[in-house]
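Comments concern the structure below.
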Amino acid sequence: MSEVEDLYRWLGVRFAMLETPSARARRVGRYWETTHADVHGVTRDLGEPKSVEVRVAHELDDDTLVDVVTVRDDTGGASPIHHMWTALINYQLALAGKRGGPPWGAGPPPPQYVDRLDANNPPEATGVRTVSVDGHDMPNWVYLAVPDMATGESLAACGGRLGASLVMIVGPEPAVTAAHLRMWPLPALRSAG
C-alpha cells in the first residue's frame, strides 16, 4: 500500500481518484495534528503526527490541474465551507507557483493580497452539485466558485461527506462540475450465493 493510500484509509475513505485512467497524480499537500492523550486528567503530547488532510493533484490529459482533497471530518470543528475556502486558496497559490511564482514576488503574501483572497472566496456556498462516486450520485454536495486572481478564470470547489471524511474536488469550474470520482481499490464484487 502506498503512503497516499494509507493516509486516505486513515482519514476514513478509500483512496480517491478522478475518473481519468491516464491522469497523472501526485500528493501535493498533507496537513497533520499531533496526537494527545489524557493521563490522569493531564493532557500529554504524544508527538505522533496523524494526518487530518491530504491533497492529491491530478494532471488531466488537457493539462488541466485538479485537486482531490480529503479532510478528516472531525478535525478542528471547522465547517465544510471553511475547508473548501482553504482548498481554493491553496489551489490558487499552487497555480501561482506553476506560473513562475506568486504574483507579489517573494516572501509571505502582503495584506492587500490576503484581502483580495477574502473578497474572492465567499463565506457561504454558492449552490449544490451532484457528483458521481463509483457510479453512485452524491446529491447536495456543497459548491463554491471564485475567480482566479491572475486570469479571471472561474475556479470551483465541490465537496461533501463521504464515509468519515469530507472529500472535495478543486480546480477550473468546467472540470470540477464534470468530475466523477472513483475509489480505489474498487469494492469487491459479492458472490450471488
Side-chain angles (χ1 to χ4, degrees), residues 1-33 49-75 78 80-98 125 127-146 148 153-190:
M1 179 184 308
S2 74
E3 177 195 15
V4 176
E5 291 169 60
D6 187 50
L7 293 172
Y8 271 104
R9 190 175 308 280
W10 187 87
L11 286 162
V13 295
R14 298 184 304 270
F15 186 53
M17 297 287 289
L18 288 174
E19 198 173 63
T20 50
S22 57
R24 299 169 301 282
R26 67 185 189 283
R27 180 172 57 83
V28 292
R30 175 184 174 190
Y31 304 93
W32 56 85
E33 64 185 13
K50 288 286 189 180
S51 293
V52 294
E53 178 179 321
V54 177
R55 185 163 54 102
V56 178
H58 296 264
E59 297 176 53
L60 308 183
D61 292 333
D62 60 358
D63 292 329
T64 302
L65 188 69
V66 178
D67 287 355
V68 175
V69 184
T70 301
V71 182
R72 199 180 69 198
D73 197 29
D74 62 355
T75 180
I81 302 302
H82 168 79
H83 285 298
M84 293 170 71
W85 183 87
T86 302
L88 279 166
I89 290 174
N90 288 337
Y91 187 85
Q92 290 199 47
L93 294 175
L95 281 180
K98 189 175 180 182
V128 294
R129 291 288 188 275
T130 298
V131 171
S132 176
V133 180
D134 284 343
H136 303 285
D137 287 340
M138 305 297 291
N140 299 326
W141 274 31
V142 180
Y143 178 82
L144 294 177
V146 299
D148 177 25
E153 174 187 27
S154 185
L155 302 176
C158 181
R161 287 186 169 82
L162 190 61
S165 296
L166 171 68
V167 176
M168 298 172 281
I169 307 164
V170 185
E173 189 173 19
V176 168
T177 56
H180 292 234
L181 285 173
R182 62 184 171 87
M183 309 304 285
W184 189 89
L186 294 173
L189 296 175
R190 294 182 181 173

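Judged as a side chain to side chain contact (heavy atoms under 4.5 Å, CB included), and not counting sequence neighbours, the contacts of S165 are L11, V13, T70. With sequence neighbours excluded, the residues that form a side chain to side chain donor-acceptor pair (under 3.5 Å) with S154 are E173. Legend: residues meeting ring pair (Phe, Tyr, Trp, His ring centres under 6.0 Å) with Y91, ordered by chain and number and at least two apart, are absent. Scanning for side chain to side chain contact (heavy atoms under 4.5 Å, CB included) contacts around V142 gives I81, M84, A125, with sequence neighbours left out. Shown here are the side chain to side chain contact (heavy atoms under 4.5 Å, CB included) partners of T130, two or more places apart in sequence or in another chain: D137, P139.
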(request) For the pair V170 and N90, evaluate side-chain contact (heavy atoms from CB on, under 4.5 Å) and give the outcome as yes or no after the intermediate values. (result) CA-CA 10 Å; V170 185; N90 288 337; over 6 Å; no
(request) Output, in order, the C-alpha distance, side-chain angles, deciding distance and verdict of side-chain contact (heavy atoms from CB on, under 4.5 Å) for V146 and Q92. (result) CA-CA 10 Å; V146 299; Q92 290 199 47; 3.8 Å; yes
(request) Output, in order, the C-alpha distance, side-chain angles, deciding distance and verdict of side-chain contact (heavy atoms from CB on, under 4.5 Å) for V68 and M17. (result) CA-CA 7 Å; V68 175; M17 297 287 289; over 6 Å; no
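For the atom pair N140 CG and R161 CZ, the distance stands at 13.0 Å (nearest 0.5 Å). A distance of 10.5 Å separates CZ in R129 from CG in L144, rounded to the nearest 0.5 Å. A distance of 7.0 Å separates CG in L88 from CG in L155, rounded to the nearest 0.5 Å.
Contact of the T86 side chain with the V69 side chain is not registered, since no non-hydrogen atoms from C-beta on lie closer than 4.5 Å.
Across every non-hydrogen atom of D134 and R182, the tightest pair is OD1-CA, 3.2 Å. G159 and L166 get closest at one heavy-atom pair: C-CD1, 4.3 Å. Considering all non-hydrogen atoms of both residues, L65 and P172 come closest at O-CD, 3.5 Å. Of all non-hydrogen atoms in V176 and G171, the two that sit nearest each other are CG2-N, 3.3 Å. Residues L18 and A179 approach most closely at CD2-CB, 4.0 Å, considering heavy atoms. Residues M183 and V133 share a closest heavy-atom pair of CG-CG1, 3.9 Å.
Put simply, the side chain of D148 never gets that close to the backbone of E153: no donor and acceptor are under 3.5 Å apart.
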